Amino acid sequence: GQKHKLIGECIGIYGGRNVPLAMRRNQVWHGLLTGCNFSWFWASCYNYGDGSVDAGRYGAMMETYREVKRGPAALLLRSQRDNYGIRIMVSRDSAHMNPLVAEMGAHGLGFARLIESLGLQYDSITQEQVAKGVLASAKVKVLFLPYVQILNPDEVEKIKAFVKQGGTVVADARCGVFTKAGVPIEKPPMDEVFGISRTQFKAVPALRDLELTRLCDVPAVLPGARVDTTIRATTAKACAKASDGSVAFLMNDYGKGKAILLNFNLAVIPFLDGRGELGDVRTVLENLMDLAGVKPLAVMKDAKGHVVTGTEFSRFNREGAIYLGVEKSGHAFEKFPMQAYVQLDRKYWVSDVRAGKKIGFTDRIPMTLTGLDFQLYALLPYEAKAMTLEVPDTVARGTALKVAATLVRSSSTPTPPAYTSIFRFELIPEGGYDREDYVPYPWRLKDAKGGKASSEWAIGYNDRPGAKYDLVVTDVA
C-alpha cells in the first residue's frame with residue numbers, strides 16, 4: 001500500500017530439513033500479508049545441496065514465491081492494507097527510559113498481540129508524527145500508548161485534542177510520568193485525561209485477580225494481572241477491581257472521546273489467550289474496541305461456535321473489493337485437524353484465491369485447520385459469471401498475438417464502476433510447459449479496470465510452424 005518504498009523481511013535459512021515445510025512456505029505468506037513487498041534470504045550454515053531445489057530450505061520457499069507471483073502478491077500490493085484506524089505510538093524517548101525505570105515490567109508487543117488476537121490490525125506511528133498532528137486525520141480512531149512513560153508537551157497537546165474531538169486513547173500503565181530528561185512529573189498531564197489520581201508517584205505493582213463487572217454480560221475474571229495499586233479513579237469508571245480495591249480497565253469520557261487506562265502489564269493477555277484461558281475477558285476487550293467504533297471483519301470459530309485463538313486476519317481494500325488474509329498458528333492445547341469456519345460481518349461473493357475457486361454468496365467460510373494455515377479469500381461485491389475473449393484463431397510468426405478479455409459479472413448487484421481486478425494471461429504449449437520444441441511465452445498480470453484487460457505476445461520467428469497453444473485468462477480474485 002506504500003508506493004515507491006521497500007518494506008520487507010530478512011529471513012535466516014536455518015534448521016535445514018528439520019524445519020517443517022509448512023513453516024518455510026508460510027514465512028512467505030506471513031510477509032506478504034503483513035505488507036512486505038520483498039524478502040531477503042541469508043544463511044551462515046548453508047553447506048549442502050542446491051539451494052534452488054532443496055525442499056528443506058530455499059526450495060520450499062521458492063515454490064510459494066512462484067505461487068504468489070502468479071497473482072496473489074499483485075492483488076495485495078496493488079491494494080490498501082486496512083488498519084481499522086488503529087495506531088500504536090512508538091516512543092523512542094520512552095524506549096531509552098524504560099530499561100532504567102520499568103516498575104510495571106516490560107510490555108514488548110503486548111498491544112500488537114492484543115489487537116491481532118481480536119481480528120484487527122494496526123499501523124505504527126512515531127512520537128514525531130504525533131507532534132506534527134497526524135492524529136487529526138479522520139482515518140485515526142484509536143491510539144495505543146504502550147508503556148509510554150515519557151510524553152513531551154507537544155505530544156500531550158495533540159493527544160488531548162484528538163480525544164476531545166472524539167478519538168479514543170488506550171494506555172497500559174505509567175503514561176507520561178517523566179519529562180524527556182527523566183525527571184518525575186508531580187502531576188502527570190495525562191492523569192486528567194484518564195480521570196485518575198495516584199497515592200504516590202512511584203508505582204507499587206502487585207499480582208491481582210481482577211473481576212470485571214462492566215462491558216460483559218456476566219462477571220469475568222482476569223487472573224494474575226500485574227496491577228499498579230497506587231492508581232485511584234477520580235472521574236473515570238473502573239470496569240475491573242481486585243479484592244484489595246485495586247482498579248483496572250479505567251474508562252473516562254474526555255470531550256467527545258474516551259480515554260482508557262488498563263493499569264496492568266499486558267503480558268498476561270497473550271499468555272492466557274495462548275492457553276485458551278482468556279474466557280469472557282475477550283468479550284470485554286471486544287466491547288472496548290466496539291465503543292471506539294472499531295469492529296473486526298471476521299472471526300474464526302470452531303464447529304461448536306467457540307472462538308479459535310491464535311488467528312490473525314489481514315484486510316486489504318481495493319475499490320469495493322476486500323481481500324482477507326487468514327493466518328492460524330496452533331497452540332499446545334488444540335487438536336488438529338480441526339473443523340472451523342470464518343464468520344464474516346455480512347454476506348459477500350467469496351472466492352478462494354489460492355485454490356482458484358468460487359465459494360458462493362455467504363457470510364461463512366469453512367476451513368480445515370492443520371495448525372499452521374495461511375489462506376487468502378476475495379470478498380467481492382459481485383458474482384463472476386464467465387470470461388469472454390477476443391482472440392484470433394491463428395497468428396503468423398514475427399507478429400503480435402493480441403488478446404482482449406472481459407469478465408461477465410452479475411447485473412443484480414451494484415458494482416463500483418471503477419472496480420479493478422487483476423487478470424493473468426497465459427499462453428501454454430499444447431501438452432504443457434515442458435515441451436522443449438515450443439517457444440516458452442511468459443505469463444502476464446494486467447489490471448482489469450471495469451473487468452476488462454488486454455495483453456499481447458510477440459510470436460517468435462523461431463516458433464514451430466503449426467504450433468498449438470492454449471490461451472488461459474484467469475481472474476486472480
Side-chain angles (χ1 to χ4, degrees), residues 1 26 29-30 32-34 67-68 70-84 116 118-121 295-303 305-308 311-328 337-370 373-387 405-424 445 447-448 450-451 453 473-477:
N26 290 343
W29 276 104
H30 178 75
L32 184 61
L33 293 177
T34 52
E67 175 191 1
V68 301
R70 284 175 57 81
L75 204 66
L76 300 184
L77 294 176
R78 297 177 191 180
S79 303
Q80 181 65 46
R81 192 170 188 267
D82 191 336
N83 294 312
Y84 293 89
E116 291 168 353
L118 296 178
L120 303 168
Q121 286 296 335
K295 293 184 177 181
L297 171 69
V299 61
M300 181 77 77
K301 295 185 178 182
D302 62 19
H306 300 142
V307 174
V308 177
T311 307
E312 183 177 347
F313 293 97
S314 303
R315 173 177 177 167
F316 296 78
N317 300 328
R318 192 182 193 194
E319 299 174 356
I322 299 172
Y323 306 114
L324 179 67
V326 184
E327 305 179 44
K328 172 66 179 93
M338 179 195 303
Q339 297 304 314
Y341 63 92
V342 176
Q343 181 64 59
L344 304 174
D345 62 340
R346 61 181 177 86
K347 289 186 176 181
Y348 303 85
W349 288 104
V350 181
S351 64
D352 184 333
V353 176
R354 295 193 68 182
K357 66 179 183 179
K358 293 195 298 184
I359 295 176
F361 188 62
T362 182
D363 60 358
R364 180 179 291 196
I365 305 173
M367 290 186 66
T368 299
L369 303 178
T370 64
D373 304 271
F374 280 71
Q375 291 296 333
L376 180 62
Y377 300 101
L379 314 182
L380 304 175
Y382 61 83
E383 179 185 14
K385 294 285 191 178
M387 185 79 76
T406 301
L407 180 67
V408 180
R409 298 172 288 180
S410 58
S411 57
S412 60
T413 304
T415 303
Y419 174 72
T420 301
S421 184
I422 293 179
F423 291 175
R424 182 176 65 245
L445 297 175
D447 275 337
V473 182
T474 307
D475 179 9
V476 175

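Nothing here was measured: the structure is a model prediction, and the numbers come from that model.
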For this session: For side-chain contact (heavy atoms from CB on, under 4.5 Å), just list the numbers for Val299 and Val342, CA-CA rounded to whole Å, side-chain angles, deciding distance to a tenth of an Å, and then say yes or no.
Result: CA-CA 6 Å; Val299 61; Val342 176; over 6 Å; no
Exercise. How close do Leu33 and Gly325 get, heavy atom to heavy atom, and via which atoms?
Worked result: CD2-CA, 3.8 Å
Problem set entry | is_close_aromatic(Tyr377, Tyr348), centroid dist under 6.0 Å | no
For this session: Check for a donor-acceptor pair, side chain of Arg354 on one end and backbone N or O of Phe374 on the other, with a separation under 3.5 Å.
Result: yes
Problem set entry | Donor-acceptor contact below 3.5 Å, side chain Gln121 vs main chain Phe313 | yes
Exercise. Just by distance, do the side chain of Thr474 and the backbone of Val476 share a donor-acceptor pair under 3.5 Å?
Worked result: no
Exercise. Does the side chain of Leu445 reach to within under 4.5 Å of the side chain of Arg424, using non-hydrogen atoms?
Worked result: yes
Exercise. With a cut-off of 6.0 Å (strictly less than), are more than 12 heavy atoms of other residues, nucleotides or ligands near NZ of Lys358?
Worked result: yes
Problem set entry | Salt-bridge criterion met for Arg409 and Asp475 (N-O under 4.0 Å) | no
Exercise. Does the side chain of Leu407 come within less than 4.5 Å of Phe423's, by heavy atoms?
Worked result: yes
For this session: Show your working on side-chain contact (heavy atoms from CB on, under 4.5 Å) between Leu344 and Val350 and close with a plain yes or no.
Result: CA-CA 10 Å; Leu344 304 174; Val350 181; 4.1 Å; yes
Exercise. Can you name the residues that form a side chain to side chain donor-acceptor pair (under 3.5 Å) with Asp302, not counting sequence neighbours?
Worked result: none
Exercise. Salt-bridged, Asp345 to Lys295, with N to O below 4.0 Å?
Worked result: no
Exercise. Is the side chain of Glu319 donor-acceptor paired with the backbone N or O of Thr420 at a distance under 3.5 Å, no angle test?
Worked result: yes
Problem set entry | Parallel, tilted or perpendicular, as decided by the 30° and 60° cut-offs, for the rings of Tyr382 and Tyr419 | perpendicular
Exercise. Which atoms form the tightest heavy-atom contact between Leu118 and Pro296, and what is the distance?
Worked result: O-CB, 3.6 Å
Exercise. How about Leu76 and Leu376: do any of their side-chain heavy atoms sit closer than 4.5 Å?
Worked result: yes
Exercise. Taking NZ, NE, NH1 and NH2 as the nitrogens, is one of them in Lys328 or Asp373 under 4.0 Å from a carboxylate oxygen of the other?
Worked result: no
Exercise. For Arg318, does its backbone N or O pair with a side-chain atom of Ser79 as donor and acceptor, under 3.5 Å?
Worked result: no
For this session: Compute whether any side-chain donor of one residue and acceptor of the other, for Thr368 and Gln339, lie under 3.5 angstrom apart.
Result: yes
